[in-house]
Amino acid sequence: MSPYRQQSGSRTKVLRYTLLGIAVLMIAGLFVAGFYAGAALGLLRGPAAKVPGGTTPPGDGGPAASPPSPPVTTEHTQLEFTITYAECGCRVRETRLAGMELAGLTEEQVAQSFSEWSLQSFSESAVSFFQLVQGLCPEMRNYRTLGVQDGHVAVFLGRPGTGLVLQRATSIPVNSLAPADRERLSNGIVLTGDAAVERFIEGLSD
């Protein structure tokens, strides 16, 4: 065998082993690269965030927490209506139960049901309304009480026991009246309407 053929065969073997080594290195490199790429993707994504109770946040596809239901009236809810009269400052208050016809209403629905009133407070147990009315309350608009103010006959709005508001004082001294009239005035003489007051005062003056 010639030396040329031996050298040619050796070179072929070296080349073959070299290519095989390169192929092995490329496969190993691809494997390592794939491993690190997968790990990097896993780190970027990270574990799903959790909230107490084991549920995931609403934005991550978990169930969203439902808002609390607004309070509504029941048949036992107490309704309170208060009217304040601007001229005398009196307050008239009435209360009643909602009953079946007004049960199950929200705050907005109750306000619409009593649109002539201003809603002051709302809860399941009690609802309060108020109104401010110009003028006198019915009690002081209808009744007058004759009494004594600074030693003179005076006219008051309203009746004893319900609150009195001075309307005017007359120029008639109480000491000038008969004892029976003085005693009646000290207890309060209740009349209805201003016309009845004028007639009574004219009788005292005679």
Side-chain angles (χ1 to χ4, degrees), residues 67-206:
S69 301
V72 297
T73 58
T74 69
E75 58 181 307
H76 302 293
T77 300
Q78 180 172 281
L79 306 180
E80 181 180 85
F81 302 87
T82 302
I83 300 177
T84 300
Y85 292 89
E87 188 170 343
C88 59
C90 293
R91 292 185 177 181
V92 178
R93 183 177 290 108
E94 295 183 0
T95 60
R96 67 183 180 90
L97 295 180
M100 291 298 298
E101 67 276 9
L102 294 175
L105 300 182
T106 63
E107 181 175 355
E108 182 178 359
Q109 291 171 331
V110 168
Q112 292 175 353
S113 300
F114 298 91
S115 57
E116 70 277 14
W117 292 83
S118 296
L119 182 61
Q120 189 172 21
S121 64
F122 179 91
S123 68
E124 183 178 322
S125 59
V127 180
S128 298
F129 301 92
F130 76 93
Q131 279 185 356
L132 178 63
V133 177
Q134 301 299 320
L136 295 168
C137 67
E139 178 75 18
M140 294 193 177
R141 187 168 57 244
N142 297 326
Y143 296 102
R144 303 291 181 266
T145 297
L146 294 178
V148 179
Q149 178 76 16
D150 296 331
H152 291 77
V153 177
V155 181
F156 297 87
L157 303 175
R159 291 180 292 180
T162 61
L164 296 175
V165 174
L166 178 65
Q167 183 185 45
R168 63 188 176 92
T170 70
S171 58
I172 304 174
V174 177
N175 292 335
S176 65
L177 303 177
D181 290 333
R182 291 200 298 269
E183 183 177 357
R184 291 180 61 195
L185 286 171
S186 64
N187 295 326
I189 302 172
V190 178
L191 301 171
T192 302
D194 291 327
V197 171
E198 294 304 323
R199 289 194 297 269
F200 190 89
I201 290 178
E202 288 176 1
L204 289 177
S205 302
D206 294 339

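Because the structure is predicted, anything quoted here is derived from the model rather than measured. Heavy-atom basis, side chains included; hydrogens, waters and symmetry copies ignored.
Salt bridge present: Arg168 and Glu198 bring a charged side-chain N and a carboxylate O closer than 4.0 Å.
The ring-ring contact (aromatic ring centres under 6.0 Å, His included) contacts involving residues 67-109 comprise Phe81-Phe114, Phe81-Trp117, Phe81-Phe129, where partners must be two or more places apart or lie in separate chains.
The CZ atom of Arg96 sits 13.0 Å away from atom CD of Glu80, with the distance rounded to the nearest 0.5 Å. We find the CZ-CG distance between Arg199 and Leu191 to be 9.0 Å, quoted to the nearest 0.5 Å. Separating the CD atom in Glu94 from the OG1 atom in Thr82 is a distance of 9.5 Å, to the nearest 0.5 Å.
Within the 3.5 Å criterion, the main-chain N or O of Gly104 finds a donor-acceptor partner in the side chain of Thr73.
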Residues 130-157, side-chain donor-acceptor partners within the protein, below 3.5 Å, at least two apart:
unit_1: Gln131; atom_1: NE2; unit_2: Glu116; atom_2: O; d: 3.0
unit_1: Glu139; atom_1: OE1; unit_2: Arg159; atom_2: NH2; d: 3.0
unit_1: Glu139; atom_1: OE2; unit_2: Arg159; atom_2: NE; d: 2.5
unit_1: Glu139; atom_1: OE2; unit_2: Arg159; atom_2: NH2; d: 3.2
unit_1: Glu139; atom_1: OE2; unit_2: Thr162; atom_2: OG1; d: 3.4
unit_1: Arg141; atom_1: NH1; unit_2: Leu136; atom_2: O; d: 2.7
unit_1: Asn142; atom_1: ND2; unit_2: Pro138; atom_2: O; d: 3.0
unit_1: Arg144; atom_1: NE; unit_2: Asp194; atom_2: OD1; d: 2.7
unit_1: Arg144; atom_1: NH1; unit_2: Met140; atom_2: O; d: 2.5
unit_1: Arg144; atom_1: NH2; unit_2: Asp194; atom_2: OD1; d: 3.4
unit_1: Thr145; atom_1: OG1; unit_2: Gly158; atom_2: O; d: 2.7
unit_1: His152; atom_1: ND1; unit_2: Asp150; atom_2: O; d: 3.1

What pairs of donor and acceptor atoms, side-chain ones from residues 181-188 against any protein atom, are under 3.5 angstrom apart with sequence neighbours left out?
unit_1: Arg182; atom_1: NH1; unit_2: Leu177; atom_2: O; d: 2.5
unit_1: Ser186; atom_1: OG; unit_2: Glu183; atom_2: O; d: 2.5
unit_1: Asn187; atom_1: ND2; unit_2: Glu183; atom_2: O; d: 3.3

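Arg91 CZ: 12 or fewer foreign heavy atoms inside a 6.0 Å radius. Heavy-atom contacts from other residues, nucleotides or ligands closer than 6.0 Å to CD of Gln78 number more than 12. No more than 12 heavy atoms of other residues, nucleotides or ligands lie within 6.0 Å of CD in Glu124, so this atom counts as exposed by the packing criterion.
Residue Ser123 comes nearest to Thr77 through the heavy atom pair O-CG2, 4.1 Å, listed as atom of the first residue, atom of the second, then distance. Nearest heavy atoms, Leu119 versus Ser128: CD1-O, 3.5 Å. Taking each heavy atom of Phe122 and Leu105 in turn, the nearest pair found is CZ-O, 3.7 Å. Annotation for Pro160 and Leu164: closest pair N-CD2, 3.8 Å, computed over non-hydrogen atoms.
In this structure, Thr106 and Val72 have side chains that are in contact, with non-hydrogen atoms separated by less than 4.5 Å.
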